[in-house]
Amino acid sequence: MKIFIDTAVLEEIKEVRDLGILDGVTTNPTLVSKTGKPWKEAILEILKEVPDKPVSVEVVATDTEGIKREAKELAKLGANVVVKIPCTEEGLRAVFELNAERAGVKTNVTLVFSPLQALLAAKVGATYVSPFIGRVDDISYDGLMVLEEIVEIYNLYGFETEIIAASIRHVDHVRRCAALGVDIATIPYKVIKQMYRHPLTERGLDLFLKDAKQAGISI
Ligand code: G3P
């Protein structure tokens, strides 16, 4: 499973990249606004920092022509740009037309909450699809169940669109995404940190260090 970080904070991206586990970055307007930086500056900094990894950047236009125009402009910002396009009728049409025109724009159909939306994203040839599992949980439904069905449908028909499990809230979401065989999980910084921390590792290390001292081990 590829690991993307779901953030627009440069320091978080750098830290996870330098740990050697980062495969890509996803942003959205909310995440960029949290940085307090002007939108374009924040995006350009990220693109520069991870030039060999896909970075999802979201459009704000809502009509097909506007989405296509913005998508083409965003794609010019860097070879690693993936344009995030909402799963609306206008958005799906924009993805279809960008592909038909061979515009060379990689797309990520976002704000996906159902298997049928994901099916349509694949049909129009999206590069990625982003089901939001945490937000499904928020409305007292099961986000992982939705995701599982999407994975099943994609496997049944051999769709090439890659699934990015998004809106991940905790480590158990990540574990279950991995067990489902999802292509990618985009994970907030805080949750990535929790993935490698374990109280038994910390307790075990403390004990080993204490015993090493007692045994006089020094290398
Ligand atoms: O980037 C999209 C998605 O991951 C947002 O997550 O926590 O705002 O539902 P959240």
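Heavy atoms only: backbone and side chains are in, while hydrogens, waters and symmetry mates are out. Read the numbers this way: they start at 1 and go in the same order the structure lists the ligands and their atoms.
- With a heavy-atom cut-off of 4.0 Å, Lys84 touches ligand 1 through its side chain alone.
- Here the protein heavy atom with the shortest distance to atom 2 (C) of ligand 1 is Phe132 CZ, 3.2 Å.
- Taking 4.5 Å as the limit, some side-chain heavy atom of Pro188 sits within range of a side-chain heavy atom of Ile168.
- Set against the non-hydrogen atoms of Asn28, the atoms of ligand 1 under 4.0 Å away are 1 (O), 2 (C), 5 (C).
- Looking only at heavy atoms of the protein, atom 1 (O) of ligand 1 is closest to Asp6 OD1, 2.9 Å.
- Salt bridge present: Lys68 and Glu65 bring a charged side-chain N and a carboxylate O closer than 4.0 Å.
- To the nearest 0.5 Å, atom OG1 of residue Thr127 and atom CG of residue Asn99 are 6.5 Å apart.
- In this pair, His173 and His170 present their aromatic rings parallel. The plane angle is below 30°, not in the 30 to 60° band.
- The protein atom (non-hydrogen) at minimum distance from atom 7 (O) of ligand 1 is Arg169 NE, 3.1 Å.
- Annotation: side chain of Arg176 is not in contact with side chain of Ile133 (no heavy-atom distance under 4.5 Å).
- Not a single N or O atom of Thr27, backbone or side chain, sits closer than 3.5 Å to an N or O atom of ligand 1.
- Counting protein heavy atoms only, atom 6 (O) of ligand 1 is closest to Ser167 CA, 3.3 Å.
- Annotation: Phe96, atom CZ; neighbour count of heavy atoms from other residues, nucleotides and ligands within 6.0 Å does not exceed 12.
- Heavy-atom proximity to Ala166, at under 4.0 Å, picks out these atoms of ligand 1: 4 (O).
- Linking Ile, Leu, Val, Met, Phe, Trp and Tyr residues whenever their side-chain heavy atoms come within less than 4.5 Å places Val174 and Met145 in a single cluster.
- Residue Arg135 places at least one N or O, backbone or side chain, under 3.5 Å from an N or O of ligand 1.
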